[in-house]
Protein chains: 2
Amino acid sequence: MRLSNLADYAVITMCQAATHCGDGRVSAAELAAETGLPVPTVQKLVSKLTGAGLLRSVRGAHGGLQLGRPAAAITVADIVEAIEGPIALTACVDHVACDFEAGCNMRAHWPIINVALRGALAGISLAQLRNPPAARPLPLIEEIQA
Amino acid sequence: MRLSNLADYAVITMCQAATHCGDGRVSAAELAAETGLPVPTVQKLVSKLTGAGLLRSVRGAHGGLQLGRPAAAITVADIVEAIEGPIALTACVDHVACDFEAGCNMRAHWPIINVALRGALAGISLAQLRNPPAARPLPLIEEIQA
DNA sequence: TCAATTCGGACGGAATCAGTCTGATTTCCA
DNA sequence: TGGAAATCAGACTGATTCCGTCCGAATTGA
């Protein structure tokens with residue numbers, strides 16, 4: 001149920017990249033130095049984030065990285081999905097057959113849980129991360145149901 | 001971001017145990033046979049579930065297991081927490097120091113995400129699992145924010 | 001007192017993940 | 001146009017965690 005370390009690092013890295021938004025390009029080595037993460041790890045993250053379109057890389061001398069979209073258009077859900085793949089708590093939602101379906105009535109319930117989780121992650125943009133969170137937290141699902 | 005297999009199995013096992021609610025006691029071996037899970041695995045699950053109070057075990061001859069509370073008072077969140085510990089996506093919410101706090105503004109945001117996730121799991125009781133889910137799914141967090 | 005049943009901890013194998021390294025590609029400058 | 005610099009991209013190794021299994025101890029009913 002824990003987020004992988006790489007996904008956690010990716011959020012930190014993207015957050016740091018956003019602070020260089022107006023500075024032109026940033027190298028992966030700079031991001032590593034500023035965040036304290038190992039350089040090869042940041043390179044690995046950057047590779048996946050670029051593939052997902054969240055970062056845009058320019059190779060060659062004086063190359064570097066920049067955000068692929070405005071910070072407000074990048075959410076935590078986007079970053080997590082770029083590193084870990086689709087956001088889902090169980091494999092059975094990925095259309096993979098489950099060996100224990102006989103005694104399992106959860107199949108119809110997991111999508112609801114997954115949507116709630118993804119919604120929570122998608123509700124936080126990179127732009128919001130640079131500011132303190134809203135004073136009023138999101139309502140609880142329990143309160144909504146009541 | 002995936003639920004561990006054991007947590008998934010625990011939900012299935014509890015669901016099966018609930019079907020024996022009126023039959024007195026059930027042995028772990030019976031639950032294993034009905035769900036198709038390995039017997040030792042079910043025993044391990046039962047041990048943790050009993051420790052959390054979700055199951056009640058009676059030792060000795062003609063012993064067995066029964067629900068520790070009414071099915072309506074046991075939620076998926078309870079089961080998952082019994083197996084995996086507190087529901088949280090990142091370690092930093094557990095009051096564990098994070099090495100990368102310098103460039104990390106996520107600290108204030110994770111509790112919101114965690115609460116939303118736990119709420120989604122806590123909104124589904126064991127009694128509900130035996131019936132098809134409500135026709136109207138829960139609202140998306142995105143819709144709530146709008 | 002004996003037999004049946006469960007609980008608890010310890011062990012081995014497997015899979016996944018984090019981290020490191022080396023090679024290929026691209027661009028700028030002389 | 002050629003060389004050099006800086007970057008990205010993929011493959012590999014080591015370690016951690018997790019799953020599944022087994023065996024001994026404790027408890028209860030006959």
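Chain A is the first sequence line, chain B the second, and so forth, proteins listed ahead of strands; every chain is numbered from 1. Everything numeric in this text was worked out from a predicted model, so none of it was measured.
Rounded to whole angstrom, the span from the CD atom of A:Gln66 across to the C1' atom of D:dT7 amounts to 14 Å. Rounded to whole Å, the distance from CG on B:Asn5 to C1' on C:dA15 is 11 Å. We find that OH of A:Tyr9 is positioned 8 Å from P of C:dA18, with the value rounded to whole Å. Whole-Å rounding puts the B:Leu3 CG to D:dC19 P distance at 10 Å. In this structure, CG of B:Asp8 is placed 15 Å from C1' of D:dC18, rounded to the nearest angstrom. Rounded to whole angstrom, the span from the CD atom of B:Gln43 across to the C1' atom of C:dA10 amounts to 15 Å. Atom pair B:Leu31:CG and C:dT5:C1' shows a separation of 14 Å (rounding to whole Å applied). When rounded to the nearest whole Å, the span between CD of A:Glu84 and P of C:dT16 equals 14 Å.
By the 4.5 Å heavy-atom criterion applied to side chains, B:Leu6 and B:Thr41 are counted as neighbours. Inter-residue side-chain proximity for A:Glu81 and A:Leu121 is flagged as unmet; no heavy-atom pair is nearer than 4.5 Å. Counting heavy atoms from C-beta outward, A:Leu54 and A:Arg69 have side chains that approach closer than 4.5 Å. Put simply, the side chain of B:Leu67 does not reach to within 4.5 Å of the side chain of B:Arg56, judged on heavy atoms. For the pair B:Thr75/B:Leu126, no side-chain contact is recorded, criterion being any heavy-atom separation below 4.5 Å from C-beta on. Looking at heavy atoms from C-beta onward, A:Gln66 lies out of side-chain contact with A:Val26 at the 4.5 angstrom threshold.
Within 4.0 Å of A:Ala28, counting heavy atoms only, lie sugar-phosphate atoms of the nucleic acid but no base atom.
Using modelled atom types, one finds a donor on one side chain and an acceptor on the other under 3.5 Å when comparing A:Glu34 with A:His20.
The side chain of B:Leu6 lies closest to D:dG20 when the candidates are D:dG20, C:dA18, D:dT7. Looking at the side chain of B:Pro40, the nearest of the listed nucleotides C:dC7, C:dA18, D:dC22 is D:dC22.
Note that the CE atom of A:Met14 and the CG atom of A:Leu65 stand 10.0 Å from one another [nearest 0.5 Å]. With rounding to the nearest 0.5 angstrom, the CG atom of B:Leu31 is 6.5 Å from the OG1 atom of B:Thr35.
Taking five base pairs at each end of the helix from C:dT1-D:dA30 to C:dA30-D:dT1, the local helix axes there meet at an angle of 10°, rounded to 10°.
Contact check, A:Thr41 against C:dG19: a side-chain N or O comes under 4.0 Å of OP1 or OP2.
Within residues 44-59 of chain B, the residues that have a heavy atom under 4.0 Å from DNA chain C are, in order of number, B:Lys44, B:Val46, B:Ser47, B:Ser57, B:Arg59.
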